[in-house]
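The first residue of the sequence shown is numbered 1, and numbering continues consecutively from there.
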Amino acid sequence: MARKRNKETTCKTSLISTARPPLDKAKCDRVFEFFEKVLRHSKGALANEPFTLLPWQKYVLGELFGRLTPDGLRQYRSAYIELPKKNGKSTTLAGIALYMLVADNEPGSECYGAACDREQAGIIYREMASMVRASPALSKMLEVIDSRKTILYKAKNSFYRVLSADGFRAEGLNIHSLCFDELHSQRDRRLFDSLRYGGAARRQPLSISISTAGELNENALWWEQHCYAERCIADPTLDPSFFGCIYAADRKDDWTDPKIWAKANPSLGKTMTEESFAIDCREAQNSASKLNSFLRYRLNIPTTADVRWLSPEHWAACSSGPPEPLEGRDFWAGLDLGSTQDTTCFCAVFPDADGCYDIVPMFWLPAKNAEQAAQKTRVPLMQWAREGLLTLTEGSSTDYRKVKSDIEAFCSKHRCRRIAVDRWNATMLATELADIGLPISLFGQGYASMSSPTKHAHALVTDCKLRHGGHHLLSWQAGNCGYAEDDAGNKKLSKHKSISKIDGMVAMVMAIGVHMGESTKQVDLPEVDFF
């Protein structure tokens, strides 16, 4: 799960394209100097010592504060940072919060710390308060009010205040900075959602979520942010305003190897000793009950089975477009039908002589439900519709007449060899497509039908032999995909184990399967009784 950044640290973090401008050195030096010259550690062996930044902290601070847009404002407006425990997350977040309060040149700055409850939210506050008291410069500028968990900067009419899910009221917030601690502990998403747009009136607000890996739950808030961070890491153009940074071991790694400990823990040897790490590792080897805790809290691995189908990096590497015009070429397709909240997808695959596939998806969604679906999935469906990646059909259910018309127009420009349709979802549309002369095959959704094309599709992505052109809607669904596996090692895509919609990927796998000629059944559709 990690990518090598430099010799000192290994992490999964936003790719830096050679086409992007360099970091603003003055901005980087300003935040570095604030940490190292103004802040002091407040407890433990380092109490009253200057805050000497570690390489990973310099990297994060440099990106957050030194990566600028052409107009000179910060590029990143939100961030998700994930590390195992005892790597200095809370201390780093406290320092960032103090910088945003006193050194970001924002008059009337409203800075907030948030967490699942006041006790958790108070951890960052207490660290900040201790830093203020330990710093001669800050103690003269700021007033610490422990009874209200508030820090005032009266000269600039600014403040830092604690918020929590158990005592939150959303009215009147004009957020300049938000530090959301231990996102994996959040019981629901109401606080997060109510705060995420609180900085809309600010010039350059910054919202940072920081967490250790939680229990793997496809509906969990932290997992949603983790997956989104992975997608932005793999493809920075997806959301240039979002910064992702994840330090973790891979599930396949040898968790007893000290090199893996360092891979997941960029502060190893500084905020924790290798000796204590070795003791925890030996206990995990001897106790099944302690193994999950070691994997999760020490190596940042979720403690339930990871069912992610595709690596975001592998999928992003396949984002190039077709090498030549597709018009007139043979194609095979899969059709996955939706009705109200699901997308309907027709996915065509164009194999070439080198064993590569060009992928062309078409998506439809009922217009009446599109806004609700966008809010539920938290992806820009309306924007994708404006960009032509999604067709909105009239009404509250998918207009299959429009789907049929679009498929017919597509097939008039290319040579349709066969279209695979779920044999348990073969509706009137499949019959109508057969009636106009298109070759239709019924395609099962069980292991027998789906395993071979699922494995082949995975190999195509891994070997970079699939070209999807960077289609954002299909890429979102690729990132959602989970899979199921039986005792014999057969695999298939699983909507139940996926974190959101995967209709386009199911259609793509069926298209690859019908091209492979496996597990399909050609039928004379007009003679089939569908009802």
Are any of the side-chain nitrogens in [X] or [Y] under 4.0 Å away from the carboxylate oxygens of its partner?
X	Y	result
Asp358	Arg329	yes
Lys85	Glu182	yes
Asp352	Arg467	yes

Taking the six-membered ring for Trp, are [X] and [Y] closer than 6.0 Å centroid to centroid?
X	Y	value
Phe32	Phe65	no
His468	Tyr357	no
His226	Trp222	yes
Trp332	His515	yes

[X] side chain vs [Y] backbone, donor-acceptor pair below 3.5 Å:
X	Y	answer
Asp235	Cys232	no
Ser319	Ala316	yes
Ser449	Gln445	no
Thr271	Lys86	yes
Asp257	Lys259	yes
Asp253	Trp255	no
Gln204	Arg74	yes
Asp71	Leu73	yes
Arg296	Ala213	yes
Glu82	Cys245	no

task = Classify the ring geometry between Phe277 and Trp261 as parallel (under 30°), tilted (30 to 60°) or perpendicular (over 60°).
result = tilted
Test applied, ring pair (Phe, Tyr, Trp, His ring centres under 6.0 Å); reference residue, Phe242; option that passes from Tyr228, Tyr76, Tyr80 = Tyr228
inquiry  = Could you work out, with side chain to side chain donor-acceptor pair (under 3.5 Å) as the rule, every residue matching Asp24, not counting sequence neighbours?
reply    = none
message = We want to know whether Gln57 and Thr92 form a side-chain donor-acceptor pair, criterion being a heavy-atom distance below 3.5 angstrom.
response = yes
request  = For the residue pair Lys89 and Thr212, confirm or rule out a side-chain donor-acceptor distance under 3.5 Å.
outcome  = yes
ask   = What pairs of residues pass the salt bridge (Lys or Arg N to Asp or Glu O under 4.0 Å) test when at least one of them lies in residues 403-413, not counting sequence neighbours?
value = Lys402-Asp406
request  = Scan for salt bridge (Lys or Arg N to Asp or Glu O under 4.0 Å) pairs involving residues 498-515, sequence neighbours excluded, and state none if there are none.
outcome  = Asp342-Lys501, Lys495-Asp503
